[in-house]
Enquirer: 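Below you will find the structure I want to go over with you.
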Amino acid sequence: MRADGNGGGPGVTVATTVERGGRLAAIGIAFGWHLVMNLSAIVADWPDFRVPWAAGVGWLLYTVVGVIAALRLYGRVRVPTTPLIAVLLLVDVLTFAIVPEGDIFAASNWAWGTIGWFAVIVLWGRRVGALVAVMAANAVIAFVGVLVDNGGLAVD
């Protein structure tokens, strides 16, 4: 072991620093977007949501999941990822259900466009297949949301 406490030499130091920077960047992007874009969309569209308070609760749930995921990344808490991903997907469904009519892919449907960043920090260090599965589930939720918003597929 070297005097600096790093037994792996300079290569390990660089790898550790880069990995730490990646974690910080993912957390910063997720929360920056969530605080600036999502919160302003909710405030702006508050009176138009089908269930306004649900938009606020969903936003708070994303925040809690993000904080838990960030703490997990730094070894502060040990939480299985599945419940956190389940909360993100449930809020995604909820948001599709309460957005103003015709705003299915507008800023008011904030969870649809944000789930990826929160999934990245929840699933950090896991195989990429888990992230692909979350994004595929998000796509299926969006597809169902479009069908419901448009009253189903019209077949001529």
Side-chain angles (χ1 to χ4, degrees), residues 1-46 49-99 104-145 148:
M1 175 90 59
R2 291 182 5 191
D4 65 0
N6 185 348
V12 171
T13 302
V14 170
T16 301
T17 301
V18 168
E19 202 273 335
R20 185 179 324 123
R23 284 186 278 165
L24 285 171
I27 292 167
I29 291 168
F31 277 99
W33 188 269
H34 191 56
L35 291 170
V36 175
M37 301 303 290
N38 295 347
L39 190 55
S40 63
I42 290 171
V43 169
D45 291 329
W46 187 264
F49 280 107
R50 292 180 180 140
V51 184
W53 63 266
V57 169
W59 187 88
L60 288 172
L61 286 170
Y62 257 53
T63 304
V64 169
V65 167
V67 168
I68 291 169
L71 290 172
R72 186 189 68 78
L73 280 179
Y74 290 98
R76 304 288 195 276
V77 295
R78 296 181 54 91
V79 177
T81 58
T82 303
L84 299 177
I85 293 297
V87 169
L88 294 177
L89 289 169
L90 287 171
V91 172
D92 193 24
V93 170
L94 169 75
T95 306
F96 268 97
I98 65 168
V99 294
I104 198 97
F105 292 116
S108 56
N109 190 355
W110 57 269
W112 175 75
T114 305
I115 193 169
W117 282 110
F118 278 82
V120 164
I121 61 174
V122 168
L123 297 171
W124 194 274
R126 304 296 194 269
R127 293 183 182 261
V128 73
L131 181 60
V132 170
V134 170
M135 299 314 294
N138 187 39
V140 169
I141 291 166
F143 180 69
V144 171
V148 170

Enquirer: Please step through side chain to side chain contact (heavy atoms under 4.5 Å, CB included) for the pair I98 and W53, ending with a clear verdict.
Expert: CA-CA 10 Å; I98 65 168; W53 63 266; over 6 Å; no

Enquirer: Can you list, pair by pair, the side-chain donor-acceptor contacts under 3.5 Å of residues 121-141, counting residues two or more places apart and other chains?
Expert:
{"residue": "W124", "atom": "NE1", "partner": "E19", "partner atom": "OE2", "Å": "2.5"}
{"residue": "N138", "atom": "ND2", "partner": "W112", "partner atom": "O", "Å": "3.2"}

Enquirer: I'd like to know if the side chain of W59 and the backbone of H34 have a donor-acceptor N/O pair within less than 3.5 Å.
Expert: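 Present.
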
Enquirer: For the atom pair CZ (F118) and CD1 (I29), what is the distance rounded to the nearest 0.5 Å?
Expert: 11.5 Å

Enquirer: Taking all non-hydrogen atoms of both residues into account, name the closest pair between R50 and F96 and its distance.
Expert: NH1-O, 4.3 Å

Enquirer: Going by heavy atoms in the side chains, are W110 and V99 under 4.5 Å from each other?
Expert: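 Result no, sub-4.5 Å side-chain heavy-atom pair not found.
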
Enquirer: To the nearest 0.5 Å, what is the distance between OG1 on T63 and CD1 on I68?
Expert: 11.0 Å

Enquirer: I'd like to know if the side chain of T114 and the backbone of A111 have a donor-acceptor N/O pair within less than 3.5 Å.
Expert: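 Not at all, since once roles are kept as given, no pair shorter than 3.5 Å links the two residues.
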
Enquirer: Taking all non-hydrogen atoms of both residues, which atom of Y62 and which atom of I115 are closest, and how far apart?
Expert: OH-CB, 3.3 Å

Enquirer: For the atom pair CG (L73) and CD1 (I27), what is the distance rounded to the nearest 0.5 Å?
Expert: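 Atom-to-atom, L73:CG and I27:CD1 are 5.0 Å apart.
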
Enquirer: Can you see which heavy atom on W46 is nearest to which on G56, and at what distance?
Expert: CZ3-N, 3.9 Å

Enquirer: Show the nearest heavy-atom pair for residues S108 and D45, with the distance to one decimal.
Expert: CB-OD2, 2.9 Å

Enquirer: Kindly give the heavy-atom pair with the smallest separation between A41 and A107, and that separation in Å.
Expert: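 Nearest heavy atoms, A41 then A107: CB-O, 3.3 Å.
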
Enquirer: Which atom names give the shortest non-hydrogen contact between I42 and A55, and what distance separates them?
Expert: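 So the minimum-distance heavy-atom pair works out to CD1-O, 3.7 Å.
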
Enquirer: Can you measure from OG1 (T95) to CG (L90) and round to the nearest 0.5 angstrom?
Expert: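 Rounded to the nearest 0.5 Å, the OG1-CG separation comes out at 10.5 Å.
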
